[in-house]
Amino acid sequence: MKLTLIRTHHLADRTLGILCTDNRKLCDTLEPALSLPKHAAIPAGTYPLRITFSPRFNTLLPLIENVPKTMGSPTDANDSASGGESGGNRAPIDQAKRGQSSARFAEREGIRIHAGNTPKDTSGCILVGERTGKNLMRSQHTLTELLKLLPPDETHTITIA
């Protein structure tokens with residue numbers, strides 16, 4: 001499935017948006033602000049999306065892969081404050097990229113789509129739910145419905161605009 005996240009409101013502490021497929025709204029989203037020095041919102045682009053087991057949440061969740069690090073992003077994937085997850089969920093890195101110290105090859109790990117209602121519930125991930133003012137509600141229900149549309153054995157992408 002091809003998902004599109006359209007960012008609609010850029011606020012000081014959060015970014016609000018709409019998650020769609022085939023020009024049909026699926027849900028509302030909440031991400032960190034684009035300007036945060038640490039845990040900033042994901043840069044615009046198209047990314048592979050896989051449904052994998054999240055050790056942090058102890059369930060299957062969408063994992064956004066190949067997300068580039070931004071200025072101020074943590075460099076240690078094991079940094080618990082980063083919200084990132086390390087381990088077997090990481091996409092393989094092209095051999096030409098291994099050993100390169102260039103920032104253009106650096107990637108953030110463990111960036112998920114998950115339930116949450118306010119900026120305090122995310123460390124760089126995309127939260128899904130129904131928008132109420134500047135926050136989300138019915139987040140767990142929305143995530144459950146979204147997961148029904150994303151079979152774990154299929155290839156998915158997310159385009160962030």
Side-chain angles (χ1 to χ4, degrees), residues 1-21 23-87 89-90 106-150 152 156-161:
M1 174 174 281
K2 294 180 181 181
L3 299 175
T4 302
L5 191 159
I6 301 166
R7 291 175 170 152
T8 58
H9 296 82
H10 300 279
L11 306 175
D13 66 339
R14 70 196 78 200
T15 302
L16 302 172
I18 300 169
L19 189 63
C20 305
T21 186
N23 294 322
R24 181 175 58 98
K25 178 181 174 181
L26 298 174
C27 61
D28 296 302
T29 63
L30 187 151
E31 303 172 79
L34 292 166
S35 60
L36 291 178
K38 192 174 183 181
H39 315 305
I42 301 165
T46 299
Y47 303 95
L49 182 76
R50 290 188 306 135
I51 308 303
T52 64
F53 181 79
S54 166
R56 180 174 180 202
F57 294 97
N58 198 33
T59 191
L60 291 173
L61 288 174
L63 173 69
I64 303 169
E65 298 181 309
N66 306 327
V67 176
K69 285 188 179 173
T70 55
M71 294 287 288
S73 292
T75 56
D76 182 2
N78 295 318
D79 178 1
S80 61
S82 75
E85 298 173 345
S86 60
N89 293 339
R90 184 138 205 260
E107 295 177 2
R108 290 166 63 186
E109 294 181 344
I111 304 301
R112 301 261 180 197
I113 296 175
H114 63 83
N117 300 310
T118 71
K120 292 180 181 178
D121 297 327
T122 180
S123 296
C125 297
I126 299 171
L127 305 179
V128 293
E130 295 175 13
R131 190 169 156 208
T132 173
K134 297 190 304 182
N135 293 315
L136 299 177
M137 62 181 208
R138 295 181 43 89
S139 192
Q140 190 59 55
H141 170 77
T142 303
L143 178 63
T144 299
E145 294 302 308
L146 178 61
L147 287 170
K148 290 178 184 176
L149 301 174
L150 299 170
H156 310 286
T157 60
I158 184 167
T159 299
I160 300 174

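Computed from heavy atoms alone, side chains included, the values below leave out hydrogens, waters and symmetry copies.
- Between Gly110 and Cys125, the closest heavy-atom pair is O-SG, 3.9 Å.
- A side-chain contact (heavy atoms from CB on, under 4.5 Å) with Ile113 is found for exactly one of Leu146, Leu150, Thr29, namely Leu146.
- By the 4.5 Å heavy-atom criterion applied to side chains, Leu30 and Pro119 are counted as neighbours.
- For residues 25-35, the salt bridge (charged side-chain N to carboxylate O under 4.0 Å, His left out) pairs, not counting sequence neighbours, are Arg7-Glu31, Lys25-Asp28.
- The closest side-chain heavy-atom distance from Tyr47 to Pro68 is below 4.5 Å.
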- request: Go through the steps for Leu143 and Leu61 under the test side-chain contact (heavy atoms from CB on, under 4.5 Å), then give the verdict.
  value: CA-CA 9 Å; Leu143 178 63; Leu61 288 174; 3.5 Å; yes

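- No donor-acceptor distance shorter than 3.5 angstrom exists from the side chain of Thr118 to the backbone of Asn135, with no hydrogens or angles considered.
- When side chains are defined from C-beta on, Ile158 does not count as touching Ile42, because their heavy atoms never get closer than 4.5 Å.
- The shortest non-hydrogen separation linking Cys20 to Ile18 is SG-CG2, 3.6 Å.
- Pairing each heavy atom of Ala115 with each of Gln140, the nearest pair is CB-OE1, 3.6 Å.
- Considering only residues two or more places apart in sequence or on other chains, Asn117 meets the side chain to side chain donor-acceptor pair (under 3.5 Å) condition with none of them.
- Between Ile126 and Leu19, every side-chain heavy-atom pair lies at or beyond the 4.5 Å cut-off.
- Within the 4.5 Å cutoff, no side-chain heavy atoms of Lys120 are placed close to those of Asp13.
- Residues forming a side chain to side chain donor-acceptor pair (under 3.5 Å) with Glu130 (at least two apart in sequence, or on another chain): Arg138.
- Applying the ring-ring contact (aromatic ring centres under 6.0 Å, His included) test to His156 and every residue at least two apart in sequence or in another chain returns nothing.
- Between Pro32 and Thr15 the shortest heavy-atom distance is O-OG1, 3.0 Å.
- Residues Leu136 and Asp121 form no side-chain contact, since every pair of their non-hydrogen atoms from C-beta on lies 4.5 Å or further apart.
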Worked verdict on Thr157 versus Leu49 for side-chain contact (heavy atoms from CB on, under 4.5 Å): CA-CA 5 Å; Thr157 60; Leu49 182 76; 5.7 Å; no

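- To the nearest 0.5 Å, the span separating CG on Leu127 from CG on Leu16 amounts to 10.5 Å.
- When all heavy atoms of Lys134 and Arg14 are compared, the pair lying nearest together is O-NH1, 2.9 Å.
- Val67 is listed as a side-chain neighbour of Pro43, based on a closest heavy-atom distance under 4.5 Å.
- Remark: side-chain polar atoms of Ser139 are not paired, donor with acceptor, to backbone N or O of Gly129 under 3.5 angstrom.
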- prompt: Does the side-chain contact (heavy atoms from CB on, under 4.5 Å) test come out yes or no for Leu60 and Leu147, once each step is laid out?
  reply: CA-CA 9 Å; Leu60 291 173; Leu147 287 170; 5.7 Å; no

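- Taking the side chain to side chain donor-acceptor pair (under 3.5 Å) definition, one finds that Thr159 meets it with Thr46, sequence neighbours left out.
- Partners of Arg131 under the salt bridge (Lys or Arg N to Asp or Glu O under 4.0 Å) rule, at least two apart in sequence or in another chain, do not exist in this structure.
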